[in-house]
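None of the values given here were measured: they were computed from a predicted structure. In what follows, chains carry the letters A, B, and so on, assigned in the order in which the sequence lines appear, proteins first and then strands, with residues in each chain numbered from 1.
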Amino acid sequence: MPDHAISPTRAENYPEWYQQVVRAADLAEQSPVRGCMVIKPHGYAVWERMQGILDGMFKETGHQNAYFPLFIPLSYLEKEAQHVEGFAKECAVVTHHRLELGPDGKLIPTGKLEEPLVVRPTSETIIGAMFAKWVQSWRDLPLLINQWANVVRWEMRPRLFLRTSEFLWQEGHTAHATRDEAVEETLRMLDVYSTFAQRDLAMPVIRGPKPAAERFPGAVDTYSIEAMMQDGKALQAGTSHFLGQNFAKAQEIKFSGPSGVEEFCWTTSWGVSTRLIGAVIMTHADDDGLVLPPRIAPVQIVLLPIHKTAEEKEAVLACCRTLAAELATARYGDQPLRVKIDSRDLRGGDKVWQHIKQGVPLRVEIGPRDLAAGALSLSRRDRPPRERTSMPVAEFIAAAPGLLEAFQTGLYAKACQFREAHSVRLESMADVIAFFGQSEQEAGAGKGAIQGGFAHVHVADVPAVAAALEPLKVTVRCIPMEGEDEPGVCVVTGGPVARRSILARSY
RNA sequence: CGGAGCGUAGCGCAGUUGGUAGCGCGCCUGGUUUGGGACCAGGAGGUCGAGAGUUCGAAUCUCUCCGCUCCGACCA
């Protein structure tokens, strides 16, 4: 057996490694439908953990869930010019509503629709149309709605979780009486995402507004959280948009204010998707497979009974059941510990490696020797696969939540260190070119090469900057909000700039 | 959507100048084993991505289509 479970390794071929991790961890697979994936039970369980936490955070911030149609009349999309333009190229369109059996046994679409329906790429327009009916008075505001749904964007180059033609997400849509309230909401939800990413996904992110070129179609401002993957590329892990009154005007979302004057609402929208699963993989997984942060791990502790004889099996299983029951009374992250006994009739080594590849944080083996000593053998997914430590059972029960917390914070710290090690402050275009390399080939890169990382650079928000970065395949990811203002001059235009931006290659 | 590469068993692959398909792992059965991916023996599993063509005969040659991967364009 090789010394690692995933082949190729990250250093050998990063994109292929990613796919092999998805497969080895049994998260998802390709479907017969081009560009669409099947999310398998383990992958969906991770998504359910994410959903559960986020949904709680949305409720805590006053939002309610609702559900809007999958189909959007073409005319709705046409209402906001920039919006149509932004999505026009990637829309699936339904034109018929019936199938008829043809003479050759083939099914033929018939019943042409009078108005084609667009499968939602996002729901601003249809939700806006409903908001227009729901909002009459300033007393109806703010209107704070979230929807968990699937959306379709016809992608030309799909990648499991990161970019598929259909994906699952949540989209929050809110309407407010004032500009300030809407801006505040936009930033509040950006913070929710940031907190969730860092606390629950153990994934450090940088919050900030996007440059004009990267804005959501129809938005006044788009904010994102950007994370660094283990190949040094940036991944946009969540977005929050301040839509101004653009959609309110397009959809006629109006209200009568206290003074009797009719005004347009100020709206926001924000979302995260199953792409976060890809983000977790590329942040934490290693050459042995997935590594899951305990807070989102469907199983945090797996108990592996080891036995030969029937008597041993009975005693060991009894011990496991007792241990599982006691652990389930402990809590971590406001939740009972999630413990599973794996008593499948498989060879021990096979079982262990499955759990390694699936990213289970803690593995506990209990065999006759442990039983005799009142102890157990503990292995951690953030330690080498073969490392085990013995521990008295009672001690483990008391220590388990703390071990999970240490695991979680350890992952976060490691990810932070990686990001720091691949972040630089640069002062000139020459430095930028040197940092990213003229091209990936020139950088001496194989498929496992680190793609630079994050460059903190002063750049103006003008097209000339994007043009200058284009040959490097680098984009301005966002203008970080953290830290002090640090005025400087744009490395492209020489003009004054208030803060540094993050430059990176991206997914 | 453009360029390149690839589609052969669940996974990874071999298959020569065309002659009717194999290996490793996995899977099933029996046995020996068992505290970190066991060993022996036996077995199941493939319309060779799909369709058409050339040929006595196609995994192999030709064409078309579909899908996947990488690069690009595009992508809140």
Provide a list of protein-nucleic acid N or O atom pairs under 3.5 angstrom, restricted to nucleotides 10-12 of chain B.
| residue | atom | partner | partner atom | Å |
| --- | --- | --- | --- | --- |
| B:C11 | O3' | A:Arg23 | NH2 | 3.3 |
| B:C11 | O2' | A:Arg23 | NH2 | 3.1 |

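- In this structure, B:C39 forms a base pair with B:G31, meeting either the Watson-Crick or the G-U wobble geometry with both donor-acceptor distances under 3.5 Å.
- In this structure, the CZ atom of A:Arg159 is 11 Å from the P atom of B:G72, given to the nearest Å.
- Of the listed nucleotides (B:G67, B:U34, B:C75), B:U34 has the atom at the smallest distance from the side chain of A:Lys308.
- Applying the ring pair (Phe, Tyr, Trp, His ring centres under 6.0 Å) rule to A:His63 yields the partners A:Trp270; only residues at least two apart in sequence or on another chain are considered.
- Annotation: side-chain hydrogen bond (donor to acceptor under 3.5 Å, both in side chains) contacts of A:Asp287 (sequence neighbours excluded): A:Arg10.
- Remark: the separation of the P atoms in B:A38 and B:C63 is 47 Å, to the nearest Å.
- Look at the P atom in both B:C65 and B:C11: the space between them is 27 Å, to the nearest Å.
- Out of B:C1, B:U69, B:G35, the shortest distance to the side chain of A:Met156 is found at B:C1.
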If you apply the rule salt bridge (Lys or Arg N to Asp or Glu O under 4.0 Å), what do you find for A:Arg477 with A:Glu214, and how did you get there? CA-CA 8 Å; A:Arg477 303 315 305 156; A:Glu214 307 257 331; 3.5 Å; yes
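- Atom name C1', nucleotides B:G7 and B:G12: the rounded distance is 14 Å, in whole Å.
- With sequence neighbours excluded, the residues satisfying salt bridge (Lys or Arg N to Asp or Glu O under 4.0 Å) with A:Arg163 are A:Glu155.
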Using atom types as modelled, flag every donor-acceptor pair under 3.5 Å from a side chain in residues 301-313 of chain A to any protein atom, sequence neighbours excluded.
| residue | atom | partner | partner atom | Å |
| --- | --- | --- | --- | --- |
| A:Thr309 | OG1 | A:Glu312 | N | 3.1 |
| A:Glu312 | OE1 | A:Lys308 | N | 2.8 |
| A:Glu312 | OE1 | A:Thr309 | N | 3.3 |

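- Of all nucleotides listed (B:G37, B:C75, B:A73), B:C75 comes nearest to the side chain of A:Lys89.
- The side-chain hydrogen bond (donor to acceptor under 3.5 Å, both in side chains) contacts involving residues 16-31 of chain A comprise A:Glu16-A:Gln19, A:Glu16-A:Gln20, A:Gln20-A:Arg23, A:Asp26-A:Lys40, A:Glu29-A:Lys40, where partners must be two or more places apart or lie in separate chains.
- Remark: the separation of the P atoms in B:U16 and B:C6 is 15 Å, to the nearest Å.
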